[in-house]
Amino acid sequence: KMAVGVMCESAIMLTRVKVQDTKNAEIVMFIKRMSELREFFEEELQTTDIAQEILEEALQIKMRPKDQASDYEADPKMMRKALMSEFQSTLKKKLAEAKLTKELVRKIFDKLDTKRRGCLTVDQLARGGIAMKAQNLIKITLFANCLAMMKIRQTCASLQNRLVPPQTR
């Protein structure tokens, strides 16, 4: 009975190690694909910024609307090139190779674009993808919540300054 127990425990440990190795290999491959995506953006558009419209077109999805007061304005020449079918098909292929589904891209964009600028960098998309793929949504949510809280504090301070004159405080 003892030998059978040891053999079963060994089999379970080997399975766990194999599963962890597979997850690690997937993350390494994801990082490689995202590095290739970064190079693609740098070579083709001379930027690592990904405008929301570029992803919406490539994945045929609609994300939440940008804030009307967004400070991000994409270069029109860059946007024309990014929205061309050749660029879009390559982008779609690279996202598929990285196993970034429509739903995953939307979640990452919603979580990280807290100011609703309508733009993420390739690096932000990669970090968000790693957090999601590593089943560590808590970290990405915490990060996004911290950014949102900072924005709320700034807005409150601004409103307080507008509503309460300095001499009455």
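For this chain, numbers begin at 1 and follow the sequence in order. Note: hydrogens, waters and symmetry copies are ignored here, and every other heavy atom, side chains too, is used.
- Both I27 and V105 are part of a single hydrophobic cluster, where members link through side-chain heavy atoms under 4.5 Å apart.
- Annotation for K92: atom NZ does not count as buried by contact number, only 12 or fewer foreign heavy atoms lying within 6.0 Å.
- Relative ring orientation between F87 and F40 is described as parallel, the plane-to-plane angle staying below 30° on a 0-90° scale split at 30° and 60°.
- L125 CG to L112 CG: the interatomic distance, rounded to the nearest 0.5 Å, is 8.5 Å.
- Considering only heavy atoms from C-beta on, R64 comes within 4.5 Å of D113 through its side chain.
- Separating the CG atom in L95 from the CG atom in L59 is a distance of 5.5 Å, to the nearest 0.5 Å.
- Contact annotation: the side chain of E97 never approaches that of L37 to less than 4.5 Å [non-hydrogen atoms, C-beta and beyond].
- Ion pair E42/R38 flagged as a salt bridge, since at least one NZ, NE, NH1 or NH2 atom sits closer than 4.0 Å to an Asp/Glu carboxylate oxygen.
- Between M79 and L45, the closest side-chain pair of non-hydrogen atoms is not below 4.5 Å.
- Taking each heavy atom of K99 and L104 in turn, the nearest pair found is O-CD2, 4.0 Å.
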Under the criterion side-chain contact (heavy atoms from CB on, under 4.5 Å), I'd like the reasoning laid out for D75 against K81: C-alpha separation, chi angles, the key distance, then a yes or no.
CA-CA 10 Å; D75 176 52; K81 186 171 185 177; over 6 Å; no
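- Heavy atoms of other residues, nucleotides or ligands lying less than 6.0 angstrom from CD of E36 number more than 12.
- One distance of note links CD of E44 with CD of E86; it measures 7.5 Å at 0.5 Å rounding.
- A donor-acceptor contact shorter than 3.5 Å links the side chain of Q88 to the backbone of A58.
- Of the inter-residue distances, the one linking E26 atom CD with R33 atom CZ reads 12.5 Å to the nearest 0.5 angstrom.
- In this structure, P76 and R80 have side chains that are in contact, with non-hydrogen atoms separated by less than 4.5 Å.
- M29 and L100 sit in two unconnected hydrophobic clusters of ILVMFWY residues. Membership requires side-chain heavy atoms under 4.5 Å apart, directly or through other members.
- Taking 4.0 Å as the cut-off between side-chain N and carboxylate O, D67 and K115 do not count as a salt-bridged pair.
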Take L120 and Q52 through the test side-chain contact (heavy atoms from CB on, under 4.5 Å) and record every step on the way to the result.
CA-CA 8 Å; L120 286 182; Q52 177 175 328; over 6 Å; no
Give the intermediate values and the outcome of side-chain contact (heavy atoms from CB on, under 4.5 Å) for residues F41 and L91.
CA-CA 9 Å; F41 267 79; L91 174 58; 3.7 Å; yes
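- No continuous path of ILVMFWY side-chain contacts below 4.5 Å connects M84 to L55, so the two sit in separate hydrophobic clusters.
- In this structure, CZ on R153 lies 12.0 Å from OG1 on T155, to the nearest 0.5 angstrom.
- Nearest heavy-atom pair across S70 and R117 is OG-O, 2.8 Å.
- Put simply, NZ on K102 and CE on M63 are 11.5 Å apart, with the number rounded to the nearest 0.5 Å.
- Ion pairing between K66 and E53 holds under the 4.0 Å rule for side-chain N and carboxylate O.
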